[in-house]
2 protein chains.
Amino acid sequence: MNPESLDTEWVERFPGLSRLEPKTKTLLVQRSTVVIMPEKTVIFGPGKSPENMLFLLSGTVRVQQVSETGHEIVLYRINAGESCVLTTACLLAYDDYSAEGIAESEVQAAAVPRQVFDDLVAQSPSFRNFVFAAFSKRITDLFLVIDEVAFQRMDVRLAHKLIELSKGNHQISTTHQKLSVELGTAREVISRQLQEFQRRGWVAQSRGTVKILDRTKLESLADRD
Amino acid sequence: MNPESLDTEWVERFPGLSRLEPKTKTLLVQRSTVVIMPEKTVIFGPGKSPENMLFLLSGTVRVQQVSETGHEIVLYRINAGESCVLTTACLLAYDDYSAEGIAESEVQAAAVPRQVFDDLVAQSPSFRNFVFAAFSKRITDLFLVIDEVAFQRMDVRLAHKLIELSKGNHQISTTHQKLSVELGTAREVISRQLQEFQRRGWVAQSRGTVKILDRTKLESLADRD
DNA sequence: AACGCTTATGTGACTTTGTCACTGATAGAA
DNA sequence: TTCTATCAGTGACAAAGTCACATAAGCGTT
């Protein structure tokens, strides 16, 4: 994929947008620019409202919240093929809140100016559909987060998160601290849970990495409601 | 306010909609119907997707979630002057989730068919603005709920909720069970916290009611971050 | 190799919150 | 009055969060 074709054809590769009306696609391509941001870029955050809507072509953005108590929790991730409309819209309306978006890897994204976004919503039924579906997905995800934080046991949540973060690999590069932010808990809690998993032979630990030894056992714990 | 003027002029009384283009207002009024639902009506819920978008003219709708574990938590309320677009949109997209909307009092609402809603979004910039602002408000509210559930102490949350539910009155008609659902915790926890508040002379309890004796003290606890 | 520095992890004591299995209390309805 | 449903109180215990540390592992410097 060379930069040339990226500029003109990213819409085709975007799952939710490839079925747009040709006219809409043209508008989207002509009025947007592809940007590349390095890992750890703070894409939006307190006092840093993005002026564009982003459509992620590659990489992932982690959206997390910093509480007034100093605690942190990961709210959700935006993956390639998804857009930031929700968060962006929120920030435009209420820029005094504490969520921030951080590039977890190098990120390629198409930046669409707000005005163009508004035009597209007006013009294209299928674009509207895409936008509302994106909103819906986020909302239901947030409902799920609330449910988990409020009612799920820590061991179940951790098992679930380990499976999720492993993405099929047998090893995860992360620290106890980072895992605690994923789940909105304290590092010590993660340390103890991982020790218990290790004692049971489900995982192996070394500084900065967690190895998954028995995925099946972890999954069966994670699937407990 | 007689039913006649309700049917034709509710848009004018709706904070977010009164500044719409005249053409849009006409469309909204002509293509919607005012409905009245009694208290405790389940407006939407598992297996009960609403076919219309509702604009609440009076009353409140409580949106709560029932976890697979059997636990419940109140997510937010829709008050007069607000709309259900978010929840409705969600339900249309993912009807397999567990949130439900319940009328907390008699509810008057304007029901707008989905097709009309879509047309309005396409036609009217100010309607789009209204819709996206509504989405944004909900999202930021949900972020707040997550923060509270994950990081706030129970006593702080309960004090906050008592102030909120009292709406300036010095007495709240509710049970410990209902309060526990508000905060997504167990009844026993509420009972103990209220006992502590009572011991300190901040509240007085009787079956089914909580009296606020020292609002100032409750507020200062609630304002702790 | 030895040192110091930073970051990561381990641990015990304690508090807060959630769970379970009850008991007792209250207000209506029969 | 007595029955019944709902509401509230309680003690024992488990799970999770907090605090104040102690170790340890990696890494660059000397």
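Each chain gets a letter, A, B and so on, in the order its sequence line appears, and its residues count up from 1.
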Using the side-chain heavy atoms of [X], tell me which of these nucleotides is nearest: [options].
| X | options | answer |
| --- | --- | --- |
| B:Arg192 | D:dA8, D:dG17, D:dG11 | D:dG11 |
| B:Arg207 | D:dT10, D:dC7, D:dC19 | D:dC7 |
| B:Ser191 | D:dG17, D:dA20, D:dG9 | D:dG9 |

Is B:Gln193 touching bases, backbone alone, or none of the nucleic acid, heavy atoms closer than 4.0 Å?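 Here B:Gln193 touches the backbone only, sparing every base.
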
Which part of the nucleic acid, if any, lies within contact of B:Arg187, taking any heavy atom under 4.0 Å across all strands shown: a base, the sugar-phosphate backbone alone, or nothing?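 Since a base atom lies under 4.0 Å of B:Arg187, the category is base.
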
Chain A contact limits on DNA chain C, taken 5' to 3' with a cut-off of 4.0 angstrom to heavy atoms: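 Listed 5' to 3', the contact boundaries are C:dT7 to C:dA13.
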
I need the single residue from B:Arg62, B:Arg187, B:Lys161 that forms a salt bridge (Lys or Arg N to Asp or Glu O under 4.0 Å) with B:Glu182. Which is it?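 Of the listed residues B:Arg62, B:Arg187, B:Lys161, the salt bridge (Lys or Arg N to Asp or Glu O under 4.0 Å) partner of B:Glu182 is B:Lys161.
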
For B:His71 and A:Glu188, take the nucleotide of DNA chain C holding the closest heavy atom to each; which residue's nucleotide lies nearer the 5' end?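 Of the two residues, A:Glu188 wins.
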
Nearest-nucleotide 5' precedence on DNA chain C, B:Thr185 against A:Thr209: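 Going by which nucleotide is closer to the 5' end, it is A:Thr209.
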
Return yes if a side-chain donor-acceptor contact under 3.5 Å exists between B:Thr185 and B:Arg157, otherwise no.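 Result is no, nothing qualifies.
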
Can you tell me if B:His160 and B:Glu148 form a side-chain donor-acceptor pair at under 3.5 Å?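 The criterion, which ignores hydrogens and geometry beyond distance, is not satisfied for B:Glu148 and B:His160.
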
Can you tell me how the ring of A:Phe55 sits relative to the ring of A:Phe14, calling it parallel under 30°, perpendicular over 60° and tilted otherwise?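 A:Phe55 vs A:Phe14 ring planes: perpendicular.
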
Parallel, tilted or perpendicular: which fits the ring planes of A:Phe151 and B:His71, with parallel below 30° and perpendicular above 60°?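 Parallel.
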
Contact summary for A:Ser67 and B:Asp147, nearest pair of heavy atoms: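 In this case the closest contact between A:Ser67 and B:Asp147 is CB-OD2, 3.0 Å.
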
Please state whether the phosphate of D:dC7, meaning OP1 or OP2, lies under 4.0 angstrom from any side-chain nitrogen or oxygen of B:Gln205.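 Answer no for this pair, as no side-chain N or O of B:Gln205 is under 4.0 Å from OP1 or OP2.
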
